[in-house]
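Quick notes on the structure that follows.
Excluded from the calculations below are hydrogen atoms, water molecules and symmetry mates; all remaining heavy atoms, backbone and side chain alike, are included. Note that ligands are numbered from 1 as they come in the structure, with each ligand's atoms numbered from 1 the same way.
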Amino acid sequence: METDTVLVRYGEIGVKSSKVRQRMEEILRRNVERSIEKRGVNATVEREWSRIVAEGEADDADETAEAAAETFGVSSASPCAVVDGTPETVAESVAELARQEYDRGSFAVDARRAGDADAHPFTSVDIEREAGAAVVEAVGAPVDLDNPDMVFGVEVRGETAYVYADEYDGFGGLPYGTQADVVALVSGGIDSPVAAWRAMRRGCPATVVYVDAGEYGGPAHVARAYETAETLARYVPDELRLWHIDGEEAVERLVDEVGDTRMLSYRRFMLRAAERVAEETDAVGVVTGEAVGQKSSQTSRNLRATDAAVSVPVHRPLLTFDKHEVVKEARRIGTYESAKVDTGCHAVAPSHPETSASLEEVRDAEPDDLLELAEEAAEEATVEVFDGA
Ligand code: ATP
Ligand code: MG
């Protein structure tokens with residue numbers, strides 16, 4: 001049986017008001033289409049009731065489902081056979097799918113009927129029973145409704161039924177582009193790419209800002225940031241832009257002129273530069289990878305002192321994460337490998353970092369023109385474009 005259609009499911013959009021939902025569904029449809037195209041696969045992608053349906057070649061269905069599942073806003077995707085929505089045809093089709101796909105263990109049939117309940121003279125339980133019996137007859141597998149090794153799914157809508165054996169888990173979230181833009185401060189380390197990804201997953205298009213410490217950072221540090229941007233770009237429907245900002249002069253002055261609060265001042269420099277980029281790109285927030293207490297510069301008190309450098313909201317998706325939770329997610333999204341390279345950039349770290357700085361202390365110790373310098377550096381940034389290919 002040909003599974004040449006991919007059924008794409010989404011979660012949270014479904015609870016929005018109908019106007020918002022329609023707008024978000026259309027954005028999601030387009031994003032799914034782009035994400036399939038990006039993998040060089042051909043399929044037509046359409047909205048149908050509360051699903052998105054992609055039709056292409058059966059050979060590409062797994063790749064299409066994977067691409068759809070990796071599109072923000074999608075909860076899951078399944079390569080399906082499309083058959084008549086009568087219990088008899090569904091039961092035959094599920095049995096045929098079982099002959100193709102079943103190898104061992106128990107199974108269950110999970111059926112759903114969408115739309116007008118009166119439109120069908122049968123219930124989803126009727127479908128499950130009839131299809132279940134057909135599978136038992138076809139392959140002799142035992143039924144286990146509580147903990148099946150394999151699930152055959154059926155979704156009936158009107159006269160049509162979608163029958164499937166595989167379900168690719170999606171990332172969830174909201175479609176990219178359904179929220180206003182943000183700017184994400186990304187170092188290429190473990191935390192910041194995950195933070196950027198999390199904001200993107202909630203629908204915020206992101207412009208990446210990387211601050212280059214020049215000779216204090218080195219080429220390996222820049223290369224790592226670019227590699228991260230390339231990985232993040234895989235998740236966006238279009239391209240991802242990285243603003244490469246020169247922070248060498250700032251670092252030099254902080255190292256020469258400032259003591260234990262210099263890391264906090266460097267964060268303030270970064271935030272102010274990012275705020276300037278936000279103004280240029282119509283972004284409404286700055287995202288960082290900070291987690292409360294992870295480093296001395298990230299104690300809850302110090303975060304207050306760094307935040308005061310800007311008036312734009314600073315979003316910290318990882319604020320309450322433990323490091324091992326961030327590592328796990330970095331592995332999953334593919335940014336861990338490049339992040340774990342130690343680039344040896346530690347120049348700004350003071351030997352006795354301040355953990356409880358007041359804003360006054362930080363301001364008094366830093367060069368008066370530090371934040372102005374940040375704005376100038378942002379204005380002179382070079383912009384790199386990544387397409388995730
Ligand atoms: P990361 O947190 O980026 O994975 P890290 O732990 O070495 O790396 P931190 O000292 O935790 O860096 O930096 C705190 C936050 O400041 C980062 O999460 C990131 O948002 C931002 N940041 C740090 N360095 C840079 C940089 N060179 N360019 C852009 N943003 C940076
Ligand atoms: Mg960190």
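The proximity of Met263 to ligand 1, defined as any non-hydrogen pair under 4.0 Å, does not occur for either the backbone or the side chain. The residue Asp212 has no part lying near ligand 1, judged by heavy-atom distances below 4.0 Å.
Judged by the 6.0 Å distance and 45° axis criteria, Arg331 is positioned over the aromatic ring of Tyr336.
Inclusion of Ser187 in the set of residues having an N or O under 3.5 Å from an N or O of ligand 1 is warranted. Between Met270 and ligand 1, no N or O atom pair is found at a separation short of 3.5 Å. Inclusion of Val287 in the set of residues having an N or O under 3.5 Å from an N or O of ligand 1 is not warranted. At under 3.5 Å, a nitrogen or oxygen of Ser192, whether backbone or side chain, sits near a nitrogen or oxygen of ligand 1.
With 3.5 Å as the limit, one finds no donor-acceptor pair spanning the side chains of Asp212 and His221. One side chain, Ser76 or Glu167, offers a donor N or O that lies under 3.5 Å from an acceptor on the other. Asp238 and Tyr176 share no side-chain donor-acceptor pair at under 3.5 Å. If you check the side chains of Thr71 and Ser35, you find a donor sitting under 3.5 Å from an acceptor.
Close to ligand 1: Gln298, with a non-hydrogen atom less than 4.0 angstrom away.
Between Tyr235 and Phe72, the angle of the ring planes stays under 30°, which puts this pair in the parallel group of the 30/60° scheme. Aromatic ring pairs are classed by plane angle as parallel below 30°, tilted from 30° to 60° and perpendicular above 60°; the pair Tyr162 and Trp49 is tilted.
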Full working for side chain to side chain contact (heavy atoms under 4.5 Å, CB included) between Glu275 and Ser311: CA-CA 8 Å; Glu275 182 176 52; Ser311 54; 3.2 Å; yes

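Atoms of ligand 1 found under 4.0 Å from any heavy atom of Asp191 (numbered from 1 in listed order, with element): 1 (P), 2 (O), 4 (O), 6 (O). Each of the following atoms of ligand 1 lies closer than 4.0 Å to a heavy atom of Lys295: 5 (P), 6 (O), 7 (O), 9 (P), 10 (O), 11 (O), 12 (O). Heavy-atom contacts of Thr288 reach the following atoms of ligand 1: 20 (O) (cutoff under 4.0 Å). Atom numbering of ligand 1 starts at 1 in the shown order; those under 4.0 Å from a heavy atom of Glu290 are 14 (C), 15 (C), 18 (O). Listed by number with element, the atoms of ligand 1 under 4.0 Å from a non-hydrogen atom of Val209 are 29 (C).
The residue among His221, His244, Arg316, Arg267 with a heavy atom at the shortest distance from atom 16 (O) of ligand 1 is Arg267. Closest heavy-atom approach to atom 28 (N) of ligand 1 within the set Val194, Val211, Ile190, Val348: this belongs to Val211.
Ile13 has its side chain within reach of Leu28: a pair of non-hydrogen atoms, C-beta onward, lies under 4.5 Å apart.
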